[in-house]
Protein chains: 2
Amino acid sequence: MNTSLNNRKEHILRSVVVNYIKTAEPVGSRTVARSYPDGLSSATIRNEMADLEEMGYLVQPHTSAGRIPTQKGYRYYVDNLMDTDELSSDIEESISSSISAGKMREIEQIIMNSTRVLSSATNQTSLIMGPQFKKSAFHQLRILPLDEKRGLVVLITDTGFIKNKVIDLHHQLSHTELQQVVSYLNQKLYGLTIDQVTTSLINELKRDLFKRLEILEQAFILLEESLKEEKQIRVFLGGTTNILNQPEFKDVDKIRRMLKLFEQEPLLFKILEDNSSEDSIVVRIGSENEFEDIKECTLITGTYRIHDKTIGTLGVLGPTRMDYSRVISVMQRLVNHLNQQLSSS
Amino acid sequence: MNTSLNNRKEHILRSVVVNYIKTAEPVGSRTVARSYPDGLSSATIRNEMADLEEMGYLVQPHTSAGRIPTQKGYRYYVDNLMDTDELSSDIEESISSSISAGKMREIEQIIMNSTRVLSSATNQTSLIMGPQFKKSAFHQLRILPLDEKRGLVVLITDTGFIKNKVIDLHHQLSHTELQQVVSYLNQKLYGLTIDQVTTSLINELKRDLFKRLEILEQAFILLEESLKEEKQIRVFLGGTTNILNQPEFKDVDKIRRMLKLFEQEPLLFKILEDNSSEDSIVVRIGSENEFEDIKECTLITGTYRIHDKTIGTLGVLGPTRMDYSRVISVMQRLVNHLNQQLSSS
DNA sequence: CTTTAGCACTCTGTAGTTTAGAGTGCTAAA
DNA sequence: TTTAGCACTCTAAACTACAGAGTGCTAAAG
């Protein structure tokens, strides 16, 4: 199936893809002929294009129109024909400046800026999964008494997350009792990722502790809730209006479906999560995507890390007619910057 | 200018407004005639409608079409003709259930649910300004040492907000020194709203403290940053796709402008802030709005409180052809629930 | 004086028709 | 194997025709 094409066919396919990406209009033989270095006539090109159509790389929207790439055509282009884009210096700059600006930056802030850069540099919709709490390792638990009846539980991870929650302390605890509980918990949990803190582990700890102090029910409830709650992680979106600029979304109905999708955070999360892969950048074209709603789109994803630990995914979503070369370059650059920036604190 | 209309004209105006809201089609004399209790002929209605047009309450899109209400027409309707909607029981229920569900609810969660309810019950876009940190009063400041080099500053307000931040402690502090600083700050700041903690006050405190301990520069930086940071408060949006259902937004260009607006959080914040008023619910029709981008829309806003302290605003944004009666009823109900729910913890 | 029936007139939206232009596939010659 | 030439196809835009909805005005009736 994966027979590779001869040189001339490759050249023609590339030309069709590149032109179609640029103009969104079916590409005719004349146009391709012009791009061919040693002048070949349009008739010859026509023959080759007919071949490419038969092989499944191109299609005609109707009998007498130019050709547009099929999904298979895009795939071949991405795998074999694409050269990586040189980024213009102002994009380079906007990437590095918007990410590294302040020093005392919150991680959320960095992520939000990234969505902005990513969408504006690619002219597509960008989506970024915020850092995944549950993949971080447990580092420290503190309980801070607020007043007679309430305390603040603070949970700190190795990647710098801080979660907190006010809890009721029905039974007053002495300071030392509290200390005991806390240090016990810290000892048991240290180094585990949040993922690993399962309900059964919690129950075990609970039994253990109840023997000594029949108190901290509330604290455990927090811990459990904290796990559940984090299932719905934020996905940040940028440039959702960019799809309106693309001619493939001139239909109000398509727009609606797309925007509906953007409103469903859990779904977006799933989409990103499923596509996150350890190795750099993944391109999913059209029906290569698992999710029904984006089977007419291309999704390009990458992952970012803190100290070699993958903690989130970023993606660019658009029509299959997407400037692959540019998007991939931008994404690559952005991921590098992010990794560097996030790991340097 | 504000001459009130006679009974018959009022009836006709109401009929036109109600019908137009329902169908989005210009309303003709025949339609109005049907709605008139004692049969009046369409010819009579026509005469009255011509009058109403001259007075500025109605217009014709073109010579031989029905009438549609002008902004002035809507205004008269809202002020004098509208009766409040009875809400169907399932909406009542969805309001109360989605807001009061859990017990240990985070305030953000409640707000997000509110956007959902509000937009789905009104079929419009809803926007809610999250609770305003800076209007809360300072309650407690804690500093929690994490390790040798870092500490966690925790700031708690009377309305239950908890802000925290990791700070570097270049110079190690003894426990007692830390205690001293913290209790001094607490004493000075207690009861002030965050708004009132101005830069000058911070500087004063700084001078004061430097005399005793030449240390806590970092802590102050936090405090200052915390103030700045909170200028960009989150605005939660719901049902942005609802505008696509309205025929006034069948033009892709209008859609784009609207969605662009939704992406500009600071602007939305300003819009909501400007419209927030102490007394219940405000209706801004068309050009009554100050902001250029929504001069073709109607914005209906209300405020919610915690213990009689206004902390946020919620709004419904849509075309001027909006079901005023329903939106106002829903908003009223939602605000009541919110106030009750937020104040009971 | 108010209401109404009747009628001519206006404007829109839709459906059908025409036409220019772009691009193809095929054939036959180079 | 390549290319010139030509007949053919399909689309998108422009134009025309027409039915339908609604108006304003006039003149008659209450």
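Letters go in sequence order (proteins before strands), and every chain restarts at 1.
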Student: Closer to the 5' end of DNA chain C via nearest nucleotide, is it Ala43(A) or Leu40(B)?
Tutor: Leu40(B)
Student: Would you mind pulling out the nucleotide paired to dA19(D), Watson-Crick or G-U wobble, both distances under 3.5 Å?
Tutor: dT12(C)
Student: CD of Glu48(B) versus P of dT23(D): gap in Å, rounded?
Tutor: 14 Å
Student: Measuring to OP1 and OP2 of dT3(C), would you say a side-chain N or O of Arg8(B) lies under 4.0 angstrom away?
Tutor: yes
Student: Check the orientation of Tyr324(B) and Tyr74(B). Use parallel for under 30°, tilted for 30 to 60°, and perpendicular for over 60°.
Tutor: tilted
Student: For dG22(D) and Ser29(B) - does any side-chain N or O of the residue sit under 4.0 Å from the phosphate oxygens OP1/OP2?
Tutor: no
Student: Atom CG of Asp51(B) to atom P of dC25(D): distance rounded to whole Å?
Tutor: 12 Å
Student: Please find the pair of heavy atoms, one from Glu48(A) and one from Ile12(A), that lie closest to each other, and give the distance.
Tutor: CB-CD1, 3.5 Å
Student: Between Arg75(A) and Asp79(A), is the closest basic N to carboxylate O distance under 4.0 Å?
Tutor: yes
Student: Tell me the interatomic distance from Met49(A), atom CE, to dG25(C), atom P, rounded to whole angstroms.
Tutor: 8 Å
Student: Over how many whole Å does the gap from Ile45(A) atom CD1 to dC26(C) atom P extend?
Tutor: 17 Å
Student: Please pick, from dG24(D), dT24(C), dT3(D), the nucleotide with the shortest atom-to-atom distance to any side-chain atom of Gln60(A).
Tutor: dT24(C)
Student: Between Glu53(A) and Asn47(B), just flag the one whose closest nucleotide in DNA chain C comes earlier from the 5' side.
Tutor: Asn47(B)
Student: Provide, to the nearest angstrom, the distance between the CD atom belonging to Glu25(B) and the C1' atom belonging to dG22(D).
Tutor: 13 Å
Student: Any side-chain N or O of Ser64(B) less than 4.0 Å from the OP1 or OP2 oxygen of dC11(C)?
Tutor: no
Student: With both distances under 3.5 angstrom, what nucleotide forms a Watson-Crick or G-U wobble pair with dC26(C)?
Tutor: dG5(D)
Student: Measure the distance from NZ on Lys9(A) to P on dT1(D) and round it to the nearest whole Å.
Tutor: 11 Å
Student: Please confirm whether the shortest side-chain N or O distance from Thr44(A) to OP1 or OP2 of dT3(D) is below 4.0 Å.
Tutor: yes
Student: Which residues satisfy the side-chain hydrogen bond (donor to acceptor under 3.5 Å, both in side chains) test with Arg333(A), sequence neighbours excluded?
Tutor: Glu92(A)
Student: Which whole-number value in Å describes the distance from Leu58(A) CG to dG23(C) P?
Tutor: 15 Å
Student: What do the steps show when you test Arg326(B) against Asn123(B) for side-chain hydrogen bond (donor to acceptor under 3.5 Å, both in side chains), and what is the final call?
Tutor: CA-CA 10 Å; Arg326(B) 156 169 275 244; Asn123(B) 261 306; over 6 Å; no
Student: Which nucleotide sits closest to the side chain of His62(B): dT12(C), dC10(D), dT3(D)?
Tutor: dT12(C)
Student: With the side chain of Arg46(A) defined as its heavy atoms from C-beta on, choose the nearest nucleotide among dT24(C), dG22(D), dT11(D).
Tutor: dT24(C)
Student: In whole angstrom, give the distance that lies between atom OH of Tyr36(B) and atom C1' of dT3(C).
Tutor: 13 Å
Student: By nearest nucleotide on DNA chain D, pick out whichever of Arg67(B) and Thr63(A) is the more 5' one.
Tutor: Thr63(A)
